[in-house]
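Everything on this sheet refers to the single structure shown next.
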Amino acid sequence: MSRPEDTLQADVHYDDVEARKYTTSSRIQNIQASMTRRALELLDLNTPSLILDVGCGSGLSGEILSDITPEEGGPHVWIGMDISPSMLDVALQRDVEGDLFLADIGQGVPFRAGTFDAAISISAIQWLCNAESSETSPQQRLARFFGGLYQSLKRGGRAVCQFYPKNDVQKQMITSAAVKAGFGAGLLEDDPETKNVKVYLVLTAGQSAVANTKSGDITGVVENMEGVDVVDNRRQAKSGKGEIKKGSKQWIIKKKEQMERKGKVVKATSKYTGRKRRIAF
């Protein structure tokens, strides 16, 4: 069965017809509501919060956020961003309570640093794994998205991204991009080894949630949950100065990684990277 993100861009696929078909499907409404509530459970918000809904579509997830009762820690205020004008038009017609923003998440998250308490994304980020032109790549789009998302969250803020990876390679690519951006990351699968498997990437921005965690569970959320694969590939920084010599191969690779996280194009690392040229007479 073909996946729409393999053939079309999201704003092309979700035209007026598809946007209305998606929104009026009772099956999709039920699935969307269930996954949004699961994401909220993983966010573990105890007080009304400002939430970014990434790939908000026609506002199905946003409606759940607005309906959270004070007993459940709500209601929450939310801002949704999506690349499809048709989806956002349907959301406006449905008079959703959140503010809506037309934007391509593969170009970043254009909000002031520390704006949001939390973020959710339902069935959206897998679209970033397909290059839309020869000038872009999935790695660059993922780097821009996660880098912008990290900056837009308050330190200690959490994000939960539900997505449908095509394969393990795509799952690893998405998770690695989040970790490179600075997030602590945990992968949670509901209904594993079934055709209804749902993957949740649980992210924590900053180190406030690291205290008292065990077994590398940097998120502080997924500890003791079944079926969780905790991911924290970040190397711990060493104390002291001068451990990486400026101009060395390690220094150059580190600078390249920093540039990639900002979504910039850099030359591939090779055996010649950092090699000293012999003086020509």
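- Between Tyr150 and Phe183, the angle of the ring planes goes over 60°, which puts this pair in the perpendicular group of the 30/60° scheme.
- Atom-to-atom distance recorded for Met87:CE and Leu100:CG is 12.5 Å, nearest 0.5 angstrom.
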Legend entry - Stepwise side-chain contact (heavy atoms from CB on, under 4.5 Å) test for Leu201 and Leu187: CA-CA 5 Å; Leu201 180 62; Leu187 276 176; 3.7 Å; yes
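- Contact annotation: the side chain of Ile105 approaches that of Leu128 to within less than 4.5 Å [non-hydrogen atoms, C-beta and beyond].
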Inset, instruction - Please report the C-alpha distance between Gln29 and Glu63 in whole Å, then the side-chain angles of each, then the deciding distance to 0.1 Å, and finally whether the side-chain contact (heavy atoms from CB on, under 4.5 Å) criterion is met. - result: CA-CA 11 Å; Gln29 289 175 7; Glu63 284 184 326; over 6 Å; no
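- Taking CD1 from Ile120 and NE2 from His76, the interatomic distance works out to 9.5 Å, rounded to the nearest 0.5 Å.
- Gln140 contributes a side-chain N or O that, together with a main-chain N or O of Ser137, makes up a donor-acceptor pair within less than 3.5 Å.
- Residues Tyr200 and Phe163 place their aromatic rings such that the two centres sit no closer than 6.0 Å.
- Salt bridge status for Arg141 with Asp104: present, with a side-chain N to carboxylate O gap under 4.0 Å.
- Counting only heavy atoms from C-beta outward, the side chains of Lys180 and Gln139 never approach each other to under 4.5 Å.
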Inset, instruction - Walk me through it: do Gln151 and Arg112 pass the test side-chain contact (heavy atoms from CB on, under 4.5 Å)? - result: CA-CA 8 Å; Gln151 292 298 323; Arg112 184 176 297 176; over 6 Å; no
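- A donor and an acceptor atom, one from each side chain of Glu18 and Ser86, are nowhere located under 3.5 Å apart.
- Counted by atom type alone, Gln172 and Asp168 present zero donor-acceptor pairs between their side chains at under 3.5 Å.
- Here the shortest heavy-atom pairing between Leu153 and Ala119 reads CD2-N, 4.0 Å.
- At distances below 3.5 Å, not a single donor-acceptor pair connects side-chain atoms of Ser34 with backbone N or O atoms of Asn30.
- Every pair passing side chain to side chain donor-acceptor pair (under 3.5 Å) that includes a residue from residues 65-74 is listed here, sequence neighbours excluded: Ser66-Trp78, Thr69-Glu71, Thr69-Glu72.
- Counting only distance, with no hydrogens or angles, the side chain of Lys198 and the backbone of Asn196 share a donor-acceptor pair below 3.5 Å.
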Inset, instruction - Output, in order, the C-alpha distance, side-chain angles, deciding distance and verdict of side-chain contact (heavy atoms from CB on, under 4.5 Å) for Phe145 and Val109. - result: CA-CA 6 Å; Phe145 166 63; Val109 180; 3.9 Å; yes
Legend entry - Audit row: Gln162, Ser123, side-chain hydrogen bond (donor to acceptor under 3.5 Å, both in side chains) steps and yes/no: CA-CA 6 Å; Gln162 180 278 325; Ser123 308; 2.8 Å; yes
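- Linking Ile, Leu, Val, Met, Phe, Trp and Tyr whenever their side-chain heavy atoms come within less than 4.5 Å leaves Ile31 and Val90 in two separate clusters.
- Across all non-hydrogen atoms, the minimal contact from Phe146 to Ile125 is CZ-CD1, 4.3 Å.
- If you check the side chains of Tyr22 and Gln32, you find a donor sitting under 3.5 Å from an acceptor.
- The heavy-atom pair separating Leu43 from Arg158 by the smallest distance is O-NH1, 3.1 Å.
- By the 6.0 Å contact criterion, CD on Gln93 is enclosed, its count of non-hydrogen atoms from other residues, nucleotides or ligands being greater than 12.
- Proximity of a side-chain donor or acceptor of Ser176 to a complementary backbone N or O of Met173 within less than 3.5 Å is not detected.
- Looking at every heavy atom in both residues, Cys129 comes nearest to Leu142 through SG-CD1, 4.4 Å.
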For residues 47-60, dump all side-chain donor-acceptor pairs below 3.5 Å to protein atoms at least two apart in sequence or in another chain.
from  : atom 1 : to    : atom 2 : distance (Å)
Ser49 : OG     : Thr47 : O      : 2.9
Ser58 : OG     : Thr23 : OG1    : 2.7

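- Ser61 and Ile122 get closest at one heavy-atom pair: OG-CG1, 3.5 Å.
- Closest of all the heavy-atom pairs between Pro165 and Gln170 is CA-OE1, 3.5 Å.
- Using a 4.5 Å cut-off on side-chain heavy atoms (C-beta onward), Met35 and Val160 make no contact.
- Between the side chain of Asp89 and the main chain of Pro85, no donor-acceptor pair closer than 3.5 Å is present.
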